[in-house]
A.B. asks: 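The structure that follows is given in the form of structure tokens.
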Protein chains: 2
Amino acid sequence: MSNNGEGRDPALVQSVDRAVAVLELLARNGEAGITEIAAELGVHKSSASRLVYTLQARELVEQEGERGPFRIGIGMLRFAGAVSGQLDYVRVGGPVCSALADRLGETVNIAILDSDVALNVSQARGSSAVAAQNWIGQRTPLHATSSGKVLLAAAPPAEQERLLSGDLESCAPGTITDPVKLRCVLRRTAEDGFATCMEELEAGLHAVAVPVFGSRGDVVAAISAAGPAYRLSQKRMPEIVEELRVASRDLSVRMGHPVL
Amino acid sequence: MSNNGEGRDPALVQSVDRAVAVLELLARNGEAGITEIAAELGVHKSSASRLVYTLQARELVEQEGERGPFRIGIGMLRFAGAVSGQLDYVRVGGPVCSALADRLGETVNIAILDSDVALNVSQARGSSAVAAQNWIGQRTPLHATSSGKVLLAAAPPAEQERLLSGDLESCAPGTITDPVKLRCVLRRTAEDGFATCMEELEAGLHAVAVPVFGSRGDVVAAISAAGPAYRLSQKRMPEIVEELRVASRDLSVRMGHPVL
DNA sequence: ACCCTCCGTTGCGTATTGCGGAACTGGGTG
DNA sequence: CACCCAGTTCCGCAATACGCAACGGAGGGT
């Protein structure tokens, strides 16, 4: 009834799970009111209210003014700083992304491999006034993104096969859903040192990515530029790839990996 | 019994509140095991286990290897990117911090006033190889930090008095614990437009901070440089303050506040 | 190689606790 | 002025999360 019913892991603590769902909703929507939250989660307004109240007491949620909608709060920063390991990409990656985004005028992302998806850890918007959506923390399919292909192409063969044998969901008209074709693309990616993504994730969206190398020459992340198809034409790719390579080297150095 | 008993707001959702406490504990300690968490929160191991399990399912917590301690997980990034309002300091502040940290060779921080503490929202390390601790998200006392003094000096008198009348905890040999003396220091801070902090937070640690102004000429944040006492000598202060002022103006402009 | 200890998980019964329903408050609007 | 919509408060019920205790599984010490 309250939940959309069926398969809920009984070992989960319901209210905590719901609270996190609230946070995810706010992170996605930017802001929301109690009624909206309640509707989205499928719980009663009163439940939503208490959940939000609790999060608010810890400053994980804050509200616009006295009687406005709710958003993610500053208290969240306490945790953001504690994300270990991959944190470095976030902190160090920020400036690199910004600089490149300024130069290219396109949105730049840094992504890492996280189990079966590409996880965006850092982002900077290009000059376009379009309030492009926030991709940070977003998980995108490996086979339908430029970053994903780069990361996948560098993964150990066993891992690669495991992911290839999975379900290649179609996201947009151009998505590669054929394992054979994808395997071929990945081989080329490894050879070329970059991957493109032409309307494979979203119609009208193009992207290019190059790998970021760690200290042992292994691929630890991917840095990509994305923008509307008409701006990221095939013709412009070489130029962008070159810019991305520079940024990638910069990133490697800043992360303490000597240039090879 | 389970909780330390008395004054718990009954409107709080207990398990959610505990879950957040788990996250805060992890953020503070870096990592912890179930038993430790349970002990710290004063709950049973099984409760702690389920709480952590739930957070883990949402990737807010991850564990080192298969059987290791728990830490804050990558899923947290989803939210970090969504911190609105003050987020700007994080994104915009990053490059400014980096640039200044490079020039000075010292650690640079941006902090904002968050209820009764100074909250660090952005940081960049200086050239020193010392893996200085990460201050992002850390809450530091207003009376024992340079940023804190700057923020406090700019707070409305009523607020200032309220905080002054509270408990001025001693953090290091030099901490100012006398309200009268602190009031005097704050007056000077307001006049000079900067504040120092000489071994008041930690022995051997010096810092200087200047205010960052918002569009209405109000103080919205503080930017500070910190380093070992022998490097941040009294003599070097004027030079650093000047650099900080430049960065502060830069920051104001980037945040869309016209220079006055 | 054994046992012993320490840590985390699982099953279970209970009552605490969080939930949903409805009534209340308080602003904004026609 | 009356209506409407958003959020909070109160209350009683039972679902839910809790504590307990017993169970596996890894080290580590002798």
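Fair warning: this is a prediction, and the values are worked out from it, not measured in the lab. Order of the sequence lines sets the chain letters (A, B, ...), proteins ahead of strands, with each chain counted from 1. Values below: all heavy atoms of this structure, side chains included; hydrogens, waters and symmetry mates excluded.
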A.B. asks: Hey, could you give me the CG/CE distance between B/L60 and B/M76, rounded to the nearest 0.5 Å?
C.D. replies: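 Answer for the CG-CE pair, B/L60 versus B/M76, is 5.5 Å.
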A.B. asks: Distance check, rounded to the nearest 0.5 Å: B/I74 atom CD1 versus B/E62 atom CD?
C.D. replies: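 Rounded to the nearest 0.5 Å, the CD1-CD separation comes to 5.0 Å.
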A.B. asks: If the condition is side-chain hydrogen bond (donor to acceptor under 3.5 Å, both in side chains), which residues does A/T145 pass it with, not counting sequence neighbours?
C.D. replies: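 Partners of A/T145 under the side-chain hydrogen bond (donor to acceptor under 3.5 Å, both in side chains) test: none.
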A.B. asks: For A/E40, give me all partners under salt bridge (Lys or Arg N to Asp or Glu O under 4.0 Å), at least two apart in sequence or on another chain.
C.D. replies: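 A/E40 satisfies salt bridge (Lys or Arg N to Asp or Glu O under 4.0 Å) with no other residue.
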A.B. asks: Does A/S47 have a side-chain nitrogen or oxygen under 4.0 Å from the phosphate oxygens OP1 or OP2 of C/dG18?
C.D. replies: no
A.B. asks: Can you give one letter per nucleotide of nucleotides 5-13 of chain D, going 5' to 3': B for a protein heavy atom under 4.0 Å from the base, S for sugar-phosphate only, - for none?
C.D. replies: -SBSB----
A.B. asks: Could you state the CG-P distance from B/L12 to D/dA17, rounded to the nearest angstrom?
C.D. replies: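 Value for this atom pair: 16 Å.
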A.B. asks: How far, in whole Å, is C/dG18 from C/dT14 if one measures between their C1' atoms?
C.D. replies: 16 Å
A.B. asks: Find the distance B/L51:CG to C/dG8:P and express it as a whole number of Å.
C.D. replies: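 In whole Å, C/dG8 P and B/L51 CG are 14 Å from each other.
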A.B. asks: Could you give the angle between the helix axes at the two ends of the helix from C/dA1-D/dT30 to C/dA15-D/dT16, with five pairs per end, rounded to 10 degrees?
C.D. replies: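 End-to-end axis angle for the helix from C/dA1-D/dT30 to C/dA15-D/dT16: 0°, rounded to 10°.
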A.B. asks: Atom CD of A/Q14 and atom P of D/dT16: how far apart are they, to the nearest Å?
C.D. replies: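 Interatomic distance, CD of A/Q14 to P of D/dT16: 5 Å.
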A.B. asks: Return the set of residues passing salt bridge (Lys or Arg N to Asp or Glu O under 4.0 Å) with A/R162 (not counting sequence neighbours), or none when no residue passes.
C.D. replies: A/D116, A/E159
A.B. asks: Using side chain to side chain contact (heavy atoms under 4.5 Å, CB included) as the criterion, list what pairs up with B/A209, not counting sequence neighbours.
C.D. replies: B/S146, B/S147, B/V150, B/S224
A.B. asks: Starting at atom CG of A/L41, determine the distance to atom C1' of C/dC19, rounded to an integer number of angstrom.
C.D. replies: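 From A/L41 CG to C/dC19 C1': 14 Å.
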A.B. asks: Can you list the residues that meet the side chain to side chain contact (heavy atoms under 4.5 Å, CB included) rule with A/P69, with sequence neighbours excluded?
C.D. replies: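 Once residues adjacent in sequence are excluded, the partners of A/P69 under the side chain to side chain contact (heavy atoms under 4.5 Å, CB included) criterion are A/E31, A/E64.
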A.B. asks: Could you state the CG-P distance from B/D17 to D/dC18, rounded to the nearest angstrom?
C.D. replies: 12 Å
A.B. asks: Just jot down the salt bridge (Lys or Arg N to Asp or Glu O under 4.0 Å) partners of A/E59, sequence neighbours excluded, or say none.
C.D. replies: B/R139
A.B. asks: From CZ of B/R18 over to C1' of C/dG18, roughly how many Å is that when rounded to an integer?
C.D. replies: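 The distance from CZ of B/R18 to C1' of C/dG18 comes to 13 Å, rounded to the nearest Å.
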A.B. asks: Can you check whether A/S15 has a side-chain N or O nearer than 4.0 Å to OP1 or OP2 of D/dT16?
C.D. replies: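 For D/dT16, neither OP1 nor OP2 has a side-chain N or O of A/S15 closer than 4.0 Å.
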A.B. asks: For D/dC11 and D/dA15, measure between their P atoms and round to the nearest Å.
C.D. replies: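 Comparing P positions in D/dC11 and D/dA15 gives a spacing of 22 Å.
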A.B. asks: With sequence neighbours left out, what residues match B/R50 under salt bridge (Lys or Arg N to Asp or Glu O under 4.0 Å)?
C.D. replies: none
